[in-house]
> 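Encoded as structure tokens, here's the structure I'll be asking about.
In each ligand, atom 1 is the first atom listed, and ligand 1 is the first ligand listed.
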Amino acid sequence: MISNNTTSSETRDVVILGSGCSGLTAAIYAARSNLKPLVLEGHEPGGQLSITTLVENFPGWPEGIQGPELIENMKKQATRFGAELRMAHLNSVDLSVSPFRLTLGKDTVLARTLVIASGASARWLNLPSEQALIGHGVSSCATCDGFFASGKEIAVIGGGDSAMEEALFLSRFASKVTLINRTDRFRASPIMLERAQAHSSIEFLTSTVVEEVLGVEEKDVKGLRLRNTAEDREFVLPVSFMFLGIGHIPNAQAFRGMVDLDEDGYILAQDDVHCTLNGKAIPGLFACGDIKDRKYRQAITAAGSGCMAALEVERFLEEQGR
Ligand code: NDP
């Protein structure tokens with residue numbers, strides 16, 4: 001039953017939640033199977049690739065490709081085969097009914113299958129100067145942008161395993177890495193911490209917070225204005241890059257209590273793509289990309305899992321006789 005205040009409702013074979021690399025790959029596959037998927041673009045259309053600059057590790061682009069262009073190409077590819085992209089985001093979802101009921105503002109969409117591809121968002125410091133310099137020396141992805149730090153002095157923010165991993169990875173390119181942790185306690189596992197501490201080109205600053213990223217006018221990071229909170233002392237660290245390694249936030253809040261999540265809110269997918277509740281598969285519900293991948297988080301792995309989800313959608317609908 002659809003409530004009276006809905007302005008429209010429709011039933012779709014496939015709804016894909018999210019328009020990043022995994023969602024769009026799922027859309028390409030589902031569209032080529034003539035399933036006319038509806039892609040809800042969500043809060044961050046294009047996902048994390050849309051805020052990256054040059055992507056040099058996506059196979060097939062020997063000279064690299066700009067992240068937004070790669071996403072644009074995927075959108076074109078999906079729509080060419082009949083996918084519909086809609087600027088909308090999910091207000092609420094009811095997974096206890098079949099088809100699933102999605103509420104988008106005043107509209108309702110009934111989905112015979114739903115692919116959750118809403119990704120994970122990098123955690124930022126949320127300083128205006130940091131936000132202004134994303135893609136101009138501020139990055140949340142060492143694997144994507146590390147190469148551009150070749151021969152430069154850089155900073156990595158964070159004290160967990162991600163920050164240690166980024167610092168170790170970036171030390172291959174950068175002439176010097178300064179790891180900046182806001183306290184003198186580390187969340188990183190002892191082995192990762194020791195490895196980073198033992199590295200000759202990684203220096204540690206503890207009890208230190210970033211107050212400002214310098215270089216907004218030049219549109220290029222020139223340094224960081226820092227504050228040592230233990231001594232209440234301000235100083236400037238000249239660096240050309242700032243990498244954030246302060247964690248990610250999986251965008252699965254709308255599904256809390258409806259699907260199994262791990263302790264940090266990532267979807268626990270069975271056989272890589274099947275969503276479960278209390279360990280039992282939920283028929284017709286799939287997840288792909290960073291929403292269920294805390295480990296690899298690469299464009300190509302997200303694309304791969306989008307493909308897998310779409311193939312499972314096809315199989316499921318076929319079993320339902322559609
Ligand atoms: P964590 O939550 O473990 O660590 C986040 C770090 O960022 C903490 O040091 C935290 O500081 C700091 N931080 C958070 N917000 C801010 C802020 N606003 N300003 C400054 N610092 C901030 O996240 P990770 O991504 O490091 O790890 C997530 C999970 O993934 C962990 O379980 C980790 O073990 C795992 N992982 C494993 C890897 C491996 O085994 N190779 C690699 C990467 C991750 P504070 O402590 O003060 O809150």
> Under 3.5 Å, is there a donor-acceptor pair between the Asp260 and Thr276 side chains?
yes
> Of all residues at least two apart in sequence or in a different chain, which pass the side chain to side chain donor-acceptor pair (under 3.5 Å) check with Glu314?
Ser33
> Going through the distances and angles, do Asp13 and Arg112 end up as a salt bridge (charged side-chain N to carboxylate O under 4.0 Å, His left out)?
CA-CA 5 Å; Asp13 280 332; Arg112 294 192 178 95; 2.8 Å; yes
> For ligand 1, list every N/O pair with the protein closer than 3.5 Å, one pair per line with the distance.
residue: ligand 1; atom: 9 (O); partner: Gly159; partner atom: N; Å: 3.0
residue: ligand 1; atom: 9 (O); partner: Gly160; partner atom: N; Å: 3.4
residue: ligand 1; atom: 11 (O); partner: Arg182; partner atom: NE; Å: 3.4
residue: ligand 1; atom: 25 (O); partner: Ser162; partner atom: OG; Å: 2.5
residue: ligand 1; atom: 26 (O); partner: Asp161; partner atom: N; Å: 3.2
residue: ligand 1; atom: 26 (O); partner: Ser162; partner atom: N; Å: 2.9
residue: ligand 1; atom: 26 (O); partner: Ser162; partner atom: OG; Å: 3.2
residue: ligand 1; atom: 34 (O); partner: Asp161; partner atom: OD2; Å: 2.6
residue: ligand 1; atom: 41 (N); partner: Glu165; partner atom: OE2; Å: 3.0
residue: ligand 1; atom: 46 (O); partner: Arg187; partner atom: NE; Å: 2.8
residue: ligand 1; atom: 47 (O); partner: Arg182; partner atom: NE; Å: 2.9
residue: ligand 1; atom: 48 (O); partner: Arg182; partner atom: NH2; Å: 2.9
residue: ligand 1; atom: 48 (O); partner: Arg187; partner atom: NE; Å: 3.3
residue: ligand 1; atom: 48 (O); partner: Arg187; partner atom: NH2; Å: 2.6

> Just by distance, with hydrogens left out, do Thr206 and Asn181 show a side-chain donor and acceptor under 3.5 Å apart?
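Thr206 vs Asn181: no donor-acceptor pair found between side chains.
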> Both conditions, 6.0 Å and 45 degrees, for the charged tip of Arg172 above the ring of Phe169: are they met here?
no
> Are there more than 12 heavy atoms of other residues, nucleotides or ligands under 6.0 Å from atom CD of Glu263?
yes
